[in-house]
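Keep in mind that what you see is a predicted model, and the values were worked out from it rather than measured.
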Amino acid sequence: MWAIVEAAGWPIWTIIAASVVSLAIILERLYTLRRGAVVPSGLLAQTLQEYRRVGDRDELLQKLHSHSPLGRLFAAGLRNVHGSREVMKESIEDEGRQVAYQLERLLTSLGTIAAMAPLLGLLGTVIGMIEIFGSQNASGANPQQLAHGISVALYNTAFGLIVAIPSMMFYRYFRSKVDGLLVEMEAQAIKLVEVVHGERKNGS
């Protein structure tokens, strides 16, 4: 492996750095965007049960806020439960924008790496081509310099694509997953509003 890095020349180090950052982002997002951590199953039923038991007490709201992103939406809604249905929904939407920002965190960086890695490979290709042309002299080509230039060009092109392809695949996957999670969270939060206000209306 070290021989390949040496043959690829200094441009390969920019691609290696990009690959390390990309891998770190992918692993972090795989852990953070677990469905059970973002939209825990049964949380809506538990929230309604606790609300019926203790009402909108601060203990319940703090517990929900620290529980999960979905819990943050529930807490935002219950914090304004005494307002109108529209006020409750608006508070959930405001909190939802912050939650969406957290879920999409680092995805822009991953998309940037996916777009830049082929360009870094192209940079290495250009540098390799420069070395190839530089190997030409009056007495002919320098075989060692010619071979090194070809290695720099080909290895950087290949490694740039190797980094870019999985980065783009995971970027698209995470974007789709975040969109799906946000839709489900919104649906559950609206259901909370309808159930709570339905109970309040029936009880009045």
Side-chain angles (χ1 to χ4, degrees), residues 15-81 85 88-118 120 159-198:
I15 299 176
I16 291 175
S19 69
V20 171
V21 175
S22 176
L23 180 60
I25 293 174
I26 290 171
L27 293 177
E28 192 275 341
R29 289 291 90 185
L30 283 173
Y31 179 79
T32 302
L33 296 178
R34 290 170 297 142
R35 179 183 175 81
V38 179
V39 188
S41 60
L43 181 60
L44 177 59
Q46 295 174 14
T47 300
L48 289 172
Q49 182 179 2
E50 285 295 310
Y51 173 74
R52 290 167 183 146
R53 188 173 65 87
V54 301
D56 56 329
R57 297 178 61 178
D58 289 340
E59 292 81 358
L60 174 60
L61 300 182
Q62 292 174 5
K63 180 180 178 181
L64 285 172
H65 190 273
S66 61
H67 184 273
S68 62
L70 180 59
R72 288 177 58 181
L73 297 189
F74 290 169
L78 293 178
R79 193 172 289 115
N80 295 275
V81 70
R85 182 176 309 195
M88 192 173 178
K89 286 184 178 180
E90 287 177 3
S91 64
I92 290 175
E93 291 173 358
D94 291 341
E95 187 69 25
R97 282 188 283 270
Q98 298 182 36
V99 169
Y101 175 79
Q102 291 295 323
L103 294 181
E104 294 172 353
R105 191 172 65 90
L106 301 178
L107 292 189
T108 301
S109 299
L110 184 60
T112 301
I113 292 173
M116 291 297 296
L120 294 175
F159 276 94
L161 293 175
I162 288 172
V163 174
I165 292 172
S167 296
M168 180 57 70
M169 290 174 60
F170 275 103
Y171 171 75
R172 295 292 185 184
Y173 167 73
F174 288 139
R175 292 290 307 182
S176 176
K177 186 167 187 178
V178 167
D179 290 342
L181 290 171
L182 290 174
V183 168
E184 185 172 355
M185 291 166 63
E186 180 182 2
Q188 291 201 36
I190 291 176
K191 187 174 181 180
L192 174 71
V193 174
E194 298 298 331
V195 171
V196 169
H197 274 269

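Under the rule for a salt bridge (Lys or Arg N to Asp or Glu O under 4.0 Å), Asp179 has no partner lying at least two apart in sequence or in another chain. Contacts of Ser167 classified as side chain to side chain donor-acceptor pair (under 3.5 Å), with partners at least two apart in sequence or in another chain: Ser22. Arg72 meets the side chain to side chain donor-acceptor pair (under 3.5 Å) test with Glu95; sequence neighbours excluded. Remark: Ala100 pairs with Leu182 by the side chain to side chain contact (heavy atoms under 4.5 Å, CB included) rule, at least two apart or across chains. In terms of the side chain to side chain contact (heavy atoms under 4.5 Å, CB included) criterion, residue partners of Ser91 (sequence neighbours excluded) are, by chain and number, Asn80. Not counting sequence neighbours, the partners of Lys89 by the salt bridge (Lys or Arg N to Asp or Glu O under 4.0 Å) test are Glu194. Under the rule for a side chain to side chain donor-acceptor pair (under 3.5 Å), Glu186 has no partner lying at least two apart in sequence or in another chain. Qualifying salt bridge (Lys or Arg N to Asp or Glu O under 4.0 Å) partners for Glu28, counting only residues two or more places apart in sequence or in other chains: Arg105.
Using a 4.5 Å heavy-atom threshold, the side chains of Met185 and Pro69 count as touching. Contact check for Leu48 versus Val196: side-chain heavy atoms found under the 4.5 Å cut-off.
Among residue pairs with one or both ends in residues 169-195, those qualifying as ring-ring contact (aromatic ring centres under 6.0 Å, His included) are Phe170-Phe174; sequence neighbours excluded.
Taking CD of Glu50 as the reference point, atom CZ of Phe74 lies at 13.5 Å (rounded to 0.5 Å). From Thr108, atom OG1 reaches atom CZ of Arg175 across 7.0 Å, with rounding to the nearest 0.5 Å. Interatomic distance, Ile15 CD1 to Phe159 CZ, rounded to the nearest 0.5 Å: 8.5 Å. One finds the CD1 atom of Ile92 at 8.0 Å from the CD1 atom of Ile190 (value rounded to the nearest 0.5 Å). To the nearest 0.5 Å, atom CD1 of residue Ile25 and atom OG1 of residue Thr112 are 8.5 Å apart. Put simply, OG1 on Thr47 and CZ on Arg52 are 10.5 Å apart, with the number rounded to the nearest 0.5 Å.
For Gln102, the CD atom sits in a packed shell: over 12 heavy atoms of surrounding residues, nucleotides or ligands are nearer than 6.0 Å.
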Residues 60-68, side-chain donor-acceptor partners within the protein, below 3.5 Å, at least two apart:
{"residue": "Ser66", "atom": "OG", "partner": "Gln62", "partner atom": "O", "Å": "3.1"}
{"residue": "Ser66", "atom": "OG", "partner": "Lys63", "partner atom": "O", "Å": "3.3"}
{"residue": "Ser68", "atom": "OG", "partner": "Gly71", "partner atom": "N", "Å": "3.2"}

Taking only distance into account, with no hydrogens and no angle test, what donor-acceptor pairs under 3.5 Å do side-chain atoms of residues 33-44 form with protein atoms, sequence neighbours excluded?
{"residue": "Arg34", "atom": "NE", "partner": "Tyr31", "partner atom": "O", "Å": "2.6"}
{"residue": "Arg35", "atom": "NH1", "partner": "Glu184", "partner atom": "OE1", "Å": "2.7"}
{"residue": "Arg35", "atom": "NH2", "partner": "Glu184", "partner atom": "OE1", "Å": "3.0"}
{"residue": "Arg35", "atom": "NH2", "partner": "Glu184", "partner atom": "OE2", "Å": "2.6"}

Discussion item. Working note: Leu106 + Leu110, criterion side-chain contact (heavy atoms from CB on, under 4.5 Å); need CA distance, chi angles, decisive distance, verdict.
Written reply: CA-CA 6 Å; Leu106 301 178; Leu110 184 60; over 6 Å; no

Practice prompt. Given side-chain contact (heavy atoms from CB on, under 4.5 Å), test Gln188 with Leu70 step by step and report yes or no.
Written response: CA-CA 8 Å; Gln188 291 201 36; Leu70 180 59; 3.5 Å; yes

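Between Leu78 and Met88 the shortest heavy-atom distance is N-CE, 4.1 Å.
A donor-acceptor pair is defined here as one N or O able to donate and one able to accept, closer than 3.5 Å; such a pair exists between the side chain of Ser19 and the backbone of Ile16.
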